[in-house]
Amino acid sequence: GTVLEVKETIGLGKTLDVIIYDGLLKKNDRIIIGGLGSPIETRVKALLEPLPLKEMRDKKTKFRAVNEVIAATGVKISAPEIDDVIAGMPLQSYTDETKEKVMQEIRAEVGEVIVETESSGIIIKADTLGSLEALTFLLKEKNISVRKAGIGKISKKDLADAESNYDKEPLEAVILGFNVLRDADIAGNEKVKIITGDIIYRIIDELGEWQKQQTDILEAKALDNLIRPCKIQLLTGYVFRQSNPAIIGVDIIEGNLSTGTSLMKSGTAITIVKEIQHEKENLKSITKGKQAALSLDKVTVGRQIKEGDILYSYIPQDDFREIKKLMKFLSKGEIDVLKEIAEIMRKVNPVWGV
């Protein structure tokens with residue numbers, strides 16, 4: 001037979017709802033049930049059939065005790081040592097002579113139904129093996145890898161397993177739970193996202209939405225680590241020091257300028273922004289539409305740079321290639337400046353950034 005459901009029954013404790021599809025099962029028969037680890041051996045303590053025309057899974061259904069059941073029958077089994085049994089597992093009766101053969105058959109059958117997982121991916125939990133298989137199948141259809149699949153509530157170990165994904169692949173630091181609870185002290189954190197529910201498609205849709213949001217956040221952070229396109233103009237009449245370092249007022253025409261950014265006029269970096277001062281305050285960065293005094297290293301106003309000059313951020317080729325992948329996070333103005341920078345660089349090297 002096959003275990004349909006494992007549940008608590010008043011007066012009996014944990015019981016198994018089973019469909020017998022071949023042979024005859026009697027009270028006191030010894031049975032072997034498939035397990036996620038080793039097969040489980042036990043003895044039938046009681047067999048209970050639903051009353052005629054009643055559905056076995058209906059909570060209001062009443063049962064009667066019987067001594068035996070035959071194939072194509074639904075039956076409730078009371079037996080000891082069944083705490084680790086999960087729904088979806090095969091079941092067979094055995095004798096001393098058939099024990100080894102039945103063990104082998106059960107192990108083979110379990111091997112066919114256990115959910116295959118991958119070396120990386122998200123963590124999933126479900127209430128039954130059938131649910132777990134369905135969830136895994138639908139995730140694989142969407143090219144979402146599953147690293148660990150299990151039956152039962154979400155535990156501290158599941159949280160630790162998911163958290164270990166964060167440094168390697170933040171989008172896989174996820175636990176999906178279908179029809180399961182979580183241990184009382186389990187909650188998501190800044191590294192792990194926990195999504196639970198009783199509708200598989202809704203859980204998967206929520207995962208997709210979360211992963212898209214996180215992708216945008218991660219890509220935006222990646223852009224912060226690159227030299228962004230920026231265009232500035234040196235203001236006339238605002239030279240506060242000519243050199244060592246040069247200090248001059250500028251207008252941020254487009255983009256975002258940060259300290260440490262190299263600046264150029266015609267394809268070669270000529271200076272680095274040491275400091276940015278805006279309204280008597282030192283800033284790490286400043287954006288389009290503002291004016292500031294810049295402290296510029298290794299240049300002299302009147303020689304390498306002049307009042308009224310247009311300067312651009314000097315973007316390394318590797319940064320340029322990465323920025324092209326993240327164009328959706330740039331404003332139209334930044335994209336235009338990026339094109340201007342590429343045109344300047346390609347006057348020197350026609351295949352720059354290609």
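Predicted model, so just to flag it, every value in this text is computed and none were measured. What you see below is based on every heavy atom in this structure, not just the backbone, and it leaves out hydrogens, waters and symmetry mates.
Salt-bridge formation is not detected for the pair K339/E343: no Lys NZ or Arg NE/NH1/NH2 atom is positioned less than 4.0 Å from an Asp or Glu carboxylate oxygen. Between K231 and E254, none of the side-chain N atoms (NZ, or NE/NH1/NH2) sits under 4.0 Å from a carboxylate O, so this pair counts as no salt bridge. Checked for salt-bridge contact, D158 and K148 meet the test: a charged N lies under 4.0 Å from a carboxylate O. For E322 and K325, the salt-bridge test passes: some basic side-chain N is under 4.0 Å from an acidic carboxylate O. Electrostatic pairing of K221 and D224 does not count as a salt bridge here, judged by no charged N lying under 4.0 Å from a carboxylate O. Looking at D319 and R228, no side-chain N of the basic residue comes within less than 4.0 Å of a carboxylate O on the acidic one, giving no salt bridge.
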- [ ] Could you please spell out the steps behind the side-chain contact (heavy atoms from CB on, under 4.5 Å) verdict for L12 and L48?
- [x] CA-CA 11 Å; L12 294 172; L48 299 121; 3.6 Å; yes
Open item on the list: Would D318 and R321 count as a salt bridge (Lys or Arg N to Asp or Glu O under 4.0 Å) here? Give the steps.
Closed with: CA-CA 5 Å; D318 289 344; R321 291 182 180 122; 3.4 Å; yes
- [ ] Any chance you could lay out the side-chain contact (heavy atoms from CB on, under 4.5 Å) test for V192 and I175, step after step, and finish with the verdict?
- [x] CA-CA 7 Å; V192 177; I175 302 173; 4.3 Å; yes
- [ ] Show the numbers, then the answer: is there a side-chain contact (heavy atoms from CB on, under 4.5 Å) between F178 and K125?
- [x] CA-CA 6 Å; F178 174 68; K125 301 297 289 284; over 6 Å; no
TODO: Report the C-alpha separation of I200 and L138 in whole Å, then their side-chain angles, then the decisive distance to 0.1 Å, and conclude whether the side-chain contact (heavy atoms from CB on, under 4.5 Å) test is met.
DONE: CA-CA 9 Å; I200 286 182; L138 292 171; 3.4 Å; yes
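In this structure, the separation between CD1 on I32 and OH on Y94 is 5.5 Å, given to the nearest 0.5 Å. Considering CG of D84 and CE of M89, their distance stands at 11.0 Å, rounded to 0.5 Å. Remark: S145 OG to E169 CD distance equals 10.0 Å, nearest 0.5 Å. How far CD1 of I270 is from CD1 of I272: 11.5 Å, rounded to the nearest 0.5 Å. Atoms CG and CD1, from L257 and I252 in turn, are 5.0 Å apart once rounded to the nearest 0.5 Å. With rounding to the nearest 0.5 angstrom, the CG atom of L91 is 5.0 Å from the CD1 atom of I77.
In terms of modelled atom types and a separation under 3.5 Å, the side chain of D251 and the main chain of I253 share no donor-acceptor contact. The main-chain N or O of A173 is never found under 3.5 Å from a side-chain atom of E163 such that the two would form a donor-acceptor pair. Listed for the Q92 side chain is no donor-acceptor partner under 3.5 Å among the backbone atoms of V102. Looking only at distances, a side-chain donor or acceptor of T271 sits under 3.5 Å from a matching main-chain atom of D297. Remark: side-chain polar atoms of E275 are not paired, donor with acceptor, to backbone N or O of S295 under 3.5 angstrom. Between the side chain of N165 and the backbone N or O of E172 there is at least one donor-acceptor pair closer than 3.5 Å. Here the side chain of D309 pairs a donor or acceptor atom with the backbone of K306 at under 3.5 angstrom. S285 contributes no side-chain N or O that, together with a main-chain N or O of S258, makes up a donor-acceptor pair within less than 3.5 Å.
Here the closest non-hydrogen pair linking T300 and S243 is OG1-CB, 3.5 Å. Smallest separation of non-hydrogen atoms from H278 and Q291: ND1-O, 2.8 Å. In this structure, G150 and L132 approach most closely via the heavy-atom pair O-CD1, 3.4 Å. The two atoms that bring V69 and L47 nearest to each other are N-CD1, 4.3 Å, heavy atoms only. Here the closest heavy-atom approach between residue T128 and residue S131 is recorded as OG1-OG, 2.9 Å. What you find for L338 and M327 is that their closest heavy atoms are CD2-SD, 3.7 Å.
Within the 4.5 Å cutoff, the side chain of I344 has heavy atoms near those of the M264 side chain. I33 is listed as a side-chain neighbour of I31, based on a closest heavy-atom distance under 4.5 Å. In this structure, D127 and I151 have side chains that are not in contact, with every pair of non-hydrogen atoms separated by 4.5 Å or more. Considering only heavy atoms from C-beta on, L223 comes within 4.5 Å of L330 through its side chain. Using a 4.5 Å heavy-atom threshold, the side chains of V299 and V301 count as separate. You'll find the side chain of L234 reaches within 4.5 Å of the side chain of I305, heavy atoms only. Side chains of L16 and V85 form a contact here, defined as non-hydrogen atoms less than 4.5 Å apart. Taking the side chain as every heavy atom from C-beta outward, I194 and L159 approach each other to under 4.5 Å.
Note on L25 and I40: same hydrophobic cluster, where clusters join Ile, Leu, Val, Met, Phe, Trp and Tyr whose side-chain heavy atoms are under 4.5 Å apart, directly or indirectly. Taking hydrophobic clusters as Ile, Leu, Val, Met, Phe, Trp and Tyr residues chained together by side-chain heavy-atom distances below 4.5 Å, I232 does not share a cluster with L226. Follow the hydrophobic side-chain contacts under 4.5 Å out from W210 and you reach L139 in the same cluster. The hydrophobic clustering, which links ILVMFWY residues whose side-chain heavy atoms are closer than 4.5 Å, places L326 and I227 together. Hydrophobic clustering, with ILVMFWY side chains joined whenever heavy atoms are under 4.5 angstrom apart, keeps L294 apart from I247.
Around the CD1 atom of I70, the shell of radius 6.0 Å holds no more than 12 heavy atoms that belong to other residues, nucleotides or ligands. Atom NZ of K284 is surrounded by 12 or fewer heavy atoms from other residues, nucleotides or ligands within 6.0 Å. Other residues, nucleotides and ligands contribute over 12 non-hydrogen atoms within 6.0 Å of the NZ atom of K168. A 6.0 Å sphere centred on CZ of F240 holds more than 12 heavy atoms belonging to other residues, nucleotides or ligands. Counting non-hydrogen atoms of other residues, nucleotides and ligands closer than 6.0 Å to NZ of K265 gives a total above 12. Enclosure of atom OH in Y21 by more than 12 non-hydrogen atoms of other residues, nucleotides or ligands within 6.0 angstrom is indicated. Atom CD of Q317 has more than 12 heavy atoms from other residues, nucleotides or ligands within 6.0 Å. Residue K324 qualifies as enclosed at atom NZ: its count of foreign heavy atoms under 6.0 Å is above 12.
In this structure, K76 satisfies the cation-pi test against F63, with its NZ or CZ atom closer than 6.0 Å to the six-membered ring centre and inside 45 degrees of the ring normal.
For K153, the side chain to side chain donor-acceptor pair (under 3.5 Å) partners are D183, not counting sequence neighbours. With sequence neighbours left out, the ring pair (Phe, Tyr, Trp, His ring centres under 6.0 Å) criterion links F320 to W352.
Every pair passing salt bridge (Lys or Arg N to Asp or Glu O under 4.0 Å) that includes a residue from residues 24-45 is listed here, sequence neighbours excluded: R30-D96, E41-K99.
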